[in-house]
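Here the structure is laid out as structure tokens; the discussion comes afterwards.
Computation of the quantities below employed the complete heavy-atom set of this structure, encompassing side-chain atoms and omitting hydrogens, waters and symmetry-equivalent molecules.
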Amino acid sequence: MEAMKRTVTCGDLRKADAGKTVILNGWIHRKRDHGGISFINLRDRYGLTQVVVDSDSPAELAELALDLRMEYCIAVEGVVRPRPDNMVNPEMPTGEVEVLAKSITVLSKSEVLPFMIDEVNKDGSPVIPNEDLRLKYRYLDLRTAQMQHHLALRHKVTMSVRKYLDSQGFYELETPTFIKSTPEGARDYLVPSRLYPGKFYALPQSPQLYKQILMVSGFDKYFQIARCYRDEDARGDRQPEFTQIDMEMSFVSRDDVLAMTEGMMKTVFAETMNIQLETPFPRISYDDAIDWYGSDKPELRFDMKMQDGAFLAELGAFQAFKDAIASGGAVKVLVVPGVAESYSRKKIEELEGTAKIYKARGLGWTKVSGTDSSLALEGGIAKFFEGKAEDVCKNLGAKPGDLLLFVADAKKKVACTALGAVRSRLGKDLNLCNPDEFAFAWIVDFPMFEWNEEENKWDTAHHMFTMPQEKYHATLESDPGSVKGDLYDLVLNGYELASGSIRIHDVELQKRVFNLVGFDEVEGQKKFGFLTEAFKYGAPPHGGIAPGLDRLVMLMCKETSIKEVIAFPKNTFAQSPMDDCPSEVDPQQIEDLHLIIKKD
């Protein structure tokens, strides 16, 4: 094999290389035989090169070429020559040359493929096998141009992150994979201890407690490309195991953390995609995000803010609006420009179905007609606003041809969230989102606590180590619902990309938060004693953030699932079809761990 070790890759060769003798190693991507000549497209991760076995080649070589099949792994020695002008392929970087084969060695053969690598339809669109087939034969799926591109970009992003944070004085430090189980919102993956029967390690949902302890330890700028594990149902942008860019800093304010993160994103996009991001990113309060977009992770690639329609309760005779306002709720309105004619009753009913998923009782609508000087409302709830079209449109900035959509509810958040979901759907249906745009924003001033109706208690909206904003410290116990945390989320194109906060570093304040959410001192000591103990020894003010690496690369690749940027993801059922895990293990292993398996 040493004699056939590659001297160039399949993406290297250009017209200037004509006349050189080279050795290529790779996989047969495509092959065609024509008039006694064999054309082989040889592929490695660097590109494609056309290899030719001419009609005047030695009989042994010609016979070998005829026996070659797709995805055979081969070595080729040959001479680079220019392609004839009529056979130049401008879509291939190597398309001006080909390699005239002098010898071919089959390094390994391939069985018949379960699916074609990079197969395309007649219209040029890729043929995508079903997910389980892709995951069962992931090693073949990873050979596709798309997956090669995505994982190459992931590598570049990771390296760019490391270089940037190193340049800013951060240390990359590892935290344990086997940790103490602590309540962090999702179920832990537990690891039974063989040496200590009945006791368990947990896999970390995040390195949260350990990175705070590193701050106490004097390592004032820490980061880690951290593996995290959560036993929860999978969906498009979640997996049982995922990766965070975990960061923590001492002696910082919120503005410091946000600026550092913006600098990192700006550097990553410039270095890996040659995209210049504008910083600082916009900041939107949580309350405004819900009010304007119905979501704390708004899609900002199109405008179309929701509006307050409380004035409609008095202006018209629609009882649903009057009841919502009288109950302390809200009427939210969406003006959809220029689509009145194209949106039939059936399409509007589909939008109503989306609103009802988010607990709306219905979706009111009407269409603006007439002219700028003589406005009218037609259809839907128009009859409740007879003679009031001018007032309605003036207040909402609506014009002829616009579609008006309304959700009213006794709970303002329901009205906002339901109409926000309709807004998001319209963004997709009307192709309002530029796929080449990256719309970042910070969501700030989150509620610190949220009421748990099932357990009749307050829960922390983020986690129990978040610092309440200083102006609320005095009213922490007396009015938890109004307390804002020193929290911040980074959103990108409708996804939460990162979440972080300034942390509590005062033991007494931490106890107050524990008590408020139902952790008495004994329970708090049991669950988090190692952290609060560390805080007794000069804990610095500190804060951090953890952008999701998988989600960042997913969005950079214009995908909607992080499975497309993870080498070996699980399927929707948290299974791996390739290696059939989770799987049963040897009974002796179970016995060694002092476990008994109870089957339903």
Side-chain angles (χ1 to χ4, degrees), residues 1-15 17-84 86-122 124 126-127 129 133-134 136-149:
M1 168 58 197
E2 189 66 28
M4 291 294 279
K5 186 175 180 180
R6 68 182 176 189
T7 59
V8 293
T9 73
C10 294
D12 283 343
L13 299 175
R14 299 294 186 270
K15 200 169 185 178
D17 296 304
K20 292 181 181 177
T21 297
V22 297
I23 298 174
L24 297 166
N25 295 171
W27 289 265
I28 298 175
H29 185 66
R30 296 288 184 270
K31 176 176 172 285
R32 66 189 191 279
D33 300 303
H34 182 70
I37 303 174
S38 293
F39 296 92
I40 300 164
N41 276 1
L42 196 64
R43 184 194 72 242
D44 61 16
R45 75 173 173 93
Y46 305 95
L48 289 166
T49 295
Q50 179 168 283
V51 174
V52 180
V53 178
D54 267 349
S55 55
D56 59 355
S57 296
E60 184 180 352
L61 181 59
E63 287 176 14
L64 175 60
L66 289 173
D67 288 339
L68 296 176
R69 298 291 180 266
M70 281 192 297
E71 298 307 309
Y72 275 28
C73 187
I74 65 173
V76 176
E77 183 176 14
V79 177
V80 182
R81 69 183 185 187
R83 291 198 199 189
N86 64 340
M87 295 183 68
V88 168
N89 185 346
E91 295 182 7
M92 286 173 60
T94 61
E96 290 187 300
V97 297
E98 60 192 15
V99 172
L100 177 63
K102 297 301 181 185
S103 66
I104 296 175
T105 300
V106 176
L107 304 175
S108 64
K109 295 183 178 182
S110 171
E111 294 189 1
V112 176
L113 298 171
F115 55 84
M116 291 275 286
I117 309 298
D118 291 327
E119 185 178 11
V120 296
N121 294 301
K122 289 182 179 179
V127 175
L133 193 62
R134 291 179 66 199
K136 181 174 177 61
Y137 299 97
R138 188 60 164 181
Y139 37 85
L140 295 179
D141 190 51
L142 289 173
R143 293 181 189 177
T144 63
Q146 174 175 289
M147 292 305 303
Q148 292 274 316
H149 167 270

Whether T7 side chain and V22 backbone form a donor-acceptor pair below 3.5 Å | no

Does the distance from a Lys or Arg side-chain N to an Asp or Glu carboxylate O, for R14 and D17, drop under 4.0 Å?
-> no

Spacing of CD1 belonging to I40 relative to CD1 belonging to I74, to within rounding of 0.5 Å = 5.0 Å

Heavy-atom closest pair, residues C10 and T49 = O-OG1, 2.8 Å

d(L140 CG, M116 CE) to nearest 0.5 Å is 12.0 Å

For the residue pair I117 and H29, what are the closest heavy atoms and their distance?
-> O-CE1, 3.8 Å

Option among K31, K109, R43 that satisfies the salt bridge (Lys or Arg N to Asp or Glu O under 4.0 Å) test with E71 = R43

Any chance CZ of R45 has more than 12 other-residue heavy atoms, nucleotides or ligands included, within less than 6.0 Å?
-> no

Here the pair of heavy atoms bringing V79 nearest to K102 is CG2-CE, 4.1 Å

Does the pair K20/D12 count as a salt bridge with the N-to-O cut at 4.0 Å?
-> no

For the pair N25 (side chain) and M4 (backbone), establish whether a donor and an acceptor sit closer than 3.5 Å, ignoring hydrogens and angles.
-> yes

In short, I37 meets S55 closest at the heavy-atom pair CG1-N, 3.9 Å

Residues E119 and R30 bridged, charged N to O under 4.0 Å | no

Pairwise distance CE(M92) to CG(L48) - rounded to 0.5 angstrom = 5.0 Å

Could you give the distance from CG (D54) to CZ (F39), rounded to the nearest 0.5 Å?
-> 7.5 Å

Nearest heavy-atom contact between N89 and R83 is CB-NH1, 3.8 Å

Kindly determine whether E77 and T21 satisfy side chain to side chain contact (heavy atoms under 4.5 Å, CB included), including the steps that lead there.
-> CA-CA 7 Å; E77 183 176 14; T21 297; 3.9 Å; yes

Residues S38 and D33: side-chain donor-acceptor under 3.5 angstrom = yes

Going by heavy atoms in the side chains, are D118 and V120 under 4.5 Å from each other?
-> no

Chi angles and distances behind the side chain to side chain contact (heavy atoms under 4.5 Å, CB included) call for L64, V106 = CA-CA 9 Å; L64 175 60; V106 176; 4.0 Å; yes

Hey, are D44 and R6 close enough for a salt bridge, meaning a charged N less than 4.0 Å from a carboxylate O?
-> yes

Stepwise side chain to side chain contact (heavy atoms under 4.5 Å, CB included) check, V127 with F115 = CA-CA 9 Å; V127 175; F115 55 84; over 6 Å; no

Check the pair I104 / L68 against side chain to side chain contact (heavy atoms under 4.5 Å, CB included), numbers first and verdict last.
-> CA-CA 10 Å; I104 296 175; L68 296 176; 4.2 Å; yes

Between the OH atom in Y72 and the CG atom in D67, the distance rounded to the nearest 0.5 Å is 7.5 Å

List the atom of A62, the atom of V53, and the distance in Å for their closest heavy-atom pair.
-> CA-CG1, 4.2 Å

Within a strict 4.5 Å, meaning less than it, do heavy atoms of the Q50 and T94 side chains meet?
-> no

